[in-house]
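To keep things clear, I will list the structure first and then write my remarks on it.
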Amino acid sequence: MALLYSGPARAFDGKNIAANGNGRDAPACSACHGEQGEGRPDAAYPRLAGLDSQYLVQQLNAFAEGKRDNETMHPIAKALTPDERQAVANFYAGLTTAVVAEPKKADDKAIAIGAALASRGDWSKGLPGCGQCHGAMGQGVGKTFPKLAGQSSEYITSQLKAWKDGTRTSDPLHLMTGIASKLDDKQVAAVAAYYATLPAAKPSTTPQGSKL
Ligand code: HEC
Ligand code: HEC
C-alpha cells in the first residue's frame, strides 16, 4: 500500500485536470480529447492516451511558448503550471484506451501506399521510412519519437501541413520539417490513412505488462 501514497497525489491531480480543468483558466481536456484521451478523429483533436509523458510535456511547453503555434492550445497550455503539465501528461501516458474508428474508411490502395512509405520511405526523394524513427509499428520510441499508431488521419495530416507551413517548429533538429517538406499531398493522405488503421500498442520502450 505504501506505494499508493508515496507520490501519486500527482496522478490524481492529472486525472482531475483532465476531467475538470485546473480550477483556473485551463478547461477540462476531456471536452476535446475525450473522456479516456481517445481524441476525436472527425475534429482532428489528437489522441493523448498512451503517448509518452515527456513528449506530452514538451508539446505543452511548445504550445505555451508559441513554438507550436495553435490558438486553441496556446492559452490552455499557458494556464497550466509546470507541475500541472507533468501531472496531466502522466495521467494520459498511463491510459490504454481503444482506438476510435475513423469517420470514413480509407481505401485499401491508399493504406498500401502508406504502409510502404512507413516501412521503406521513398528514396527517390531521400525520404527515410517513418518507422525508422517512430518504431516499426508506429508504436513510438521514448520521449522523442511519438506514437503514430491509432492517431487519426485528420490529425496526422494537419501536423504534416503545420510543418510545411512553419506553424509547428519545435521538433528536435527539425527532423519533421525536413520530412514533411518532401511529402506530396497524396503521400500525406496515404501515410495518415495507414497509421490510423494501426492498433495503439504500448510504446516499445515500456516492458510488456509493466503497467495496467
Ligand atoms: C477546445 C478543445 C481542446 C481542449 C479543451 C484541449 N485541447 Fe489539447 N489539443 C486541441 C487541438 C485542436 C490540438 C491539436 C493542435 C495542433 O494542431 O497543433 C491539441 C493538441 C494537444 C496536444 C499535442 C498532442 C500531440 O500528439 O502532439 C497535447 C499534449 C494537448 N493537446 C493537451 C491538452 C491538455 C493537457 C488539455 C487540458 C488541460 C487540453 N489539451 C485541452 C484541442 C483541445
Ligand atoms: C528522422 C526521424 C523521423 C522520421 C524518419 C520521421 N519522423 Fe515523424 N517525428 C519525428 C520527431 C522527432 C517527432 C516529434 C516532433 C516534436 O517533438 O515536435 C515526430 C513527430 C511526428 C508527428 C506528430 C505526432 C503528434 O502526436 O503530434 C507526425 C504526425 C509524424 N512525425 C509523422 C511522420 C511520418 C508520416 C513520417 C514518414 C513519412 C515520419 N514522421 C518520419 C521524427 C521522425
Side-chain angles (χ1 to χ4, degrees), residues 14 16-22 24-34 37 39-40 43-64 67-80 84-93 114 116-122 125-135 138 140-163 165 167-183 187-196:
N16 194 31
I17 293 166
N20 305 308
N22 67 353
R24 299 188 311 280
D25 291 337
C29 321
S30 60
C32 296
H33 294 284
R40 276 210 24 213
Y45 297 150
R47 175 186 173 85
L48 302 180
L51 288 176
D52 179 86
S53 62
Q54 277 319 103
Y55 170 77
L56 291 170
V57 169
Q58 282 158 18
Q59 299 314 306
L60 290 169
N61 295 343
F63 284 128
K67 288 184 192 153
R68 190 170 165 183
D69 183 6
N70 183 267
E71 55 183 29
T72 307
M73 279 308 301
H74 174 66
I76 295 174
K78 260 186 95 166
L80 297 170
E84 288 170 340
R85 289 176 202 170
Q86 186 70 58
V88 77
N90 290 351
F91 167 69
Y92 281 118
L117 264 174
S119 64
R120 296 194 298 275
D122 179 350
K125 294 182 174 178
L127 198 64
C130 320
Q132 301 272 330
C133 293
H134 291 279
V141 180
K143 63 178 181 174
T144 306
F145 305 108
K147 180 189 303 217
L148 301 180
Q151 202 56 278
S152 69
S153 61
E154 278 278 327
Y155 174 69
I156 292 177
T157 303
S158 72
Q159 298 312 297
L160 293 170
K161 191 168 166 290
W163 277 302
D165 293 350
T167 48
R168 184 169 174 177
T169 56
S170 50
D171 53 320
L173 305 173
H174 296 301
L175 293 172
M176 280 308 300
T177 307
I179 285 168
S181 70
K182 291 177 182 159
L183 292 167
Q187 288 176 316
V188 167
V191 80
Y194 168 68
Y195 279 116

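Keep in mind the model is a prediction, meaning the values are calculated, not measured. Counting starts at 1 for both ligands and their atoms, following the listed order. Starting from 1, each residue takes its place in the sequence as its number.
Under 4.0 angstrom from ligand 2, there are no non-hydrogen atoms of Leu127. Under 4.0 Å from ligand 1, not a single heavy atom of Arg85 appears. Only the side chain of Leu48 comes within 4.0 Å of ligand 1, counting heavy atoms alone; its backbone N, CA, C and O stay farther away. Neither the backbone nor the side chain of Ala118 has any atom closer than 4.0 Å to an atom of ligand 2 (non-hydrogen atoms only).
Note that CD1 of Ile76 is 6.5 Å distant from SG of Cys32, once rounded to the nearest 0.5 Å. In this structure, OG in Ser170 is found 11.5 Å from CE in Met176, a value given to the nearest 0.5 Å. The OG atom of Ser152 lies 12.0 Å from the OH atom of Tyr45; values are rounded to the nearest 0.5 Å. To the nearest 0.5 Å, the span separating NZ on Lys182 from CD on Gln187 amounts to 11.5 Å.
The nearest non-hydrogen atom to atom 25 (C) of ligand 2, considering only Phe145, Tyr55, Tyr195, Tyr194, comes from Tyr55. Looking at Arg68, Arg47, His33, Lys147 and measuring to atom 18 (O) of ligand 1, the nearest heavy atom belongs to Arg68. Taking all heavy atoms of Cys133, Gly142, Ala192 into account, the minimum distance to atom 2 (C) of ligand 2 is reached by Cys133.
The single protein non-hydrogen atom nearest to atom 4 (C) of ligand 1 is Cys32 SG, 3.4 Å, given as residue, atom name and distance. Protein heavy atom nearest atom 5 (C) of ligand 2, with residue, atom name and distance: Ile179 CD1, 3.3 Å. Distance from atom 13 (C) of ligand 2 to its nearest protein heavy atom, with residue and atom name: Pro146 CD, 3.6 Å. Taking atom 12 (C) of ligand 1 as the reference point, the nearest protein heavy-atom neighbour is Tyr45 CD2, 3.5 Å. Protein heavy atom in closest approach to atom 27 (O) of ligand 2: Tyr155 OH, 2.6 Å. Annotation: atom 28 (C) of ligand 2 to nearest protein heavy atom, Leu148 CD2, 3.5 Å. Ranking protein heavy atoms by distance to atom 22 (C) of ligand 1, first place goes to Phe63 CE1, 3.5 Å.
Between Asp165 and Asp69, every side-chain heavy-atom pair lies at or beyond the 4.5 Å cut-off. For the pair Leu117 and Asp122, the minimum side-chain heavy-atom distance is below 4.5 Å. No side-chain heavy atom of Val141 sits less than 4.5 Å from a side-chain heavy atom of Cys133. Using a 4.5 Å heavy-atom threshold, the side chains of Pro46 and Gln151 count as touching.
Of all atoms in ligand 1, numbered sequentially from 1 with element shown, those under 4.0 Å from a heavy atom of Asn70 are 15 (C), 16 (C), 17 (O), 18 (O). For ligand 2, the atoms closer than 4.0 angstrom to any heavy atom of Pro172 are 12 (C), 15 (C), 16 (C), 17 (O). Listed by number with element, the atoms of ligand 1 under 4.0 angstrom from any heavy atom of Gln59 are 27 (O). Every atom of ligand 2 is numbered from 1 in the order shown, and the set under 4.0 Å from a heavy atom of Pro128 is 5 (C). Close contacts between ligand 2 and Ile156 involve ligand atoms 29 (C) [criterion: under 4.0 Å to a heavy atom]. Every atom of ligand 1 with a heavy atom of Leu51 under 4.0 Å away is listed here by number and element: 26 (O). Close approach of ligand 2 to Gly129 is summarised as follows: ligand atoms under 4.0 Å from at least one heavy atom of the residue are 5 (C). Every atom of ligand 1 is numbered from 1 in the order shown, and the set under 4.0 Å from a heavy atom of Cys29 is 34 (C), 35 (C), 36 (C), 37 (C), 38 (C), 39 (C), 41 (C). Listed by atom number, the atoms of ligand 2 under 4.0 Å from Val191 heavy atoms are 35 (C). Those atoms of ligand 1 that come under 4.0 Å of a heavy atom in Leu60, given as number and element, are 32 (C). Close approach of ligand 2 to Cys130 (heavy-atom distance below 4.0 Å) involves ligand atoms 34 (C), 35 (C), 36 (C), 37 (C), 38 (C), 39 (C), 41 (C). Near Asp171, the atoms of ligand 2 lying under 4.0 angstrom from a non-hydrogen atom of the residue are 15 (C), 16 (C), 18 (O). Of all atoms in ligand 1, listed by their number and element, those nearer than 4.0 Å to a heavy atom of Pro27 are 5 (C), 37 (C), 38 (C). Numbered from 1 in the order shown, with element, the atoms of ligand 1 that lie under 4.0 Å from a heavy atom of Leu56 read 29 (C).
Under a 4.0 Å heavy-atom criterion, Pro46 is in contact with ligand 1. Using a 4.0 Å heavy-atom cutoff, Ala28 is listed among the residues neighbouring ligand 1.
A side-chain donor from one of Arg68 and Gln159 sits under 3.5 Å from a side-chain acceptor of the other. With hydrogens and angles left out, the side-chain atoms of Arg85 and Gln59 include no donor and acceptor closer than 3.5 Å.
Around atom 8 (Fe) of ligand 2, the two atoms SD of Met176 and NE2 of His134 are separated by an angle of 170°, to 10 degrees.
Checked against a 3.5 angstrom limit, the closest N/O atoms of Thr144 and ligand 2 fall outside it. When only interatomic distances are considered, the shortest N/O to N/O separation between Trp163 and ligand 2 does not fall below 3.5 Å. For ligand 2, the polar-atom distance check finds no N/O of Gln159 at less than 3.5 Å from any of the ligand's N/O atoms. The N/O atoms of Arg168, backbone and side chain alike, include one that comes under 3.5 Å of an N/O atom in ligand 2.
Thr177 approaches Asp171 most closely through the heavy-atom pair N-OD2, 3.1 Å.
At least one N, O or S atom of Met73, from either the backbone or the side chain, sits less than 2.8 Å from atom 8 (Fe) of ligand 1.
The aromatic rings of His134 and Phe145 lie perpendicular to each other, with more than 60° between the two planes, well past the 30° mark.
Around NZ of Lys143, the count of heavy atoms belonging to other residues, nucleotides or ligands within 6.0 Å does not exceed 12. For Lys125, the NZ atom sits in a packed shell: over 12 heavy atoms of surrounding residues, nucleotides or ligands are nearer than 6.0 Å.
Here the rule is side-chain contact (heavy atoms from CB on, under 4.5 Å) with Gln86, and of Leu56, Val57, Leu60 only Val57 fits it.
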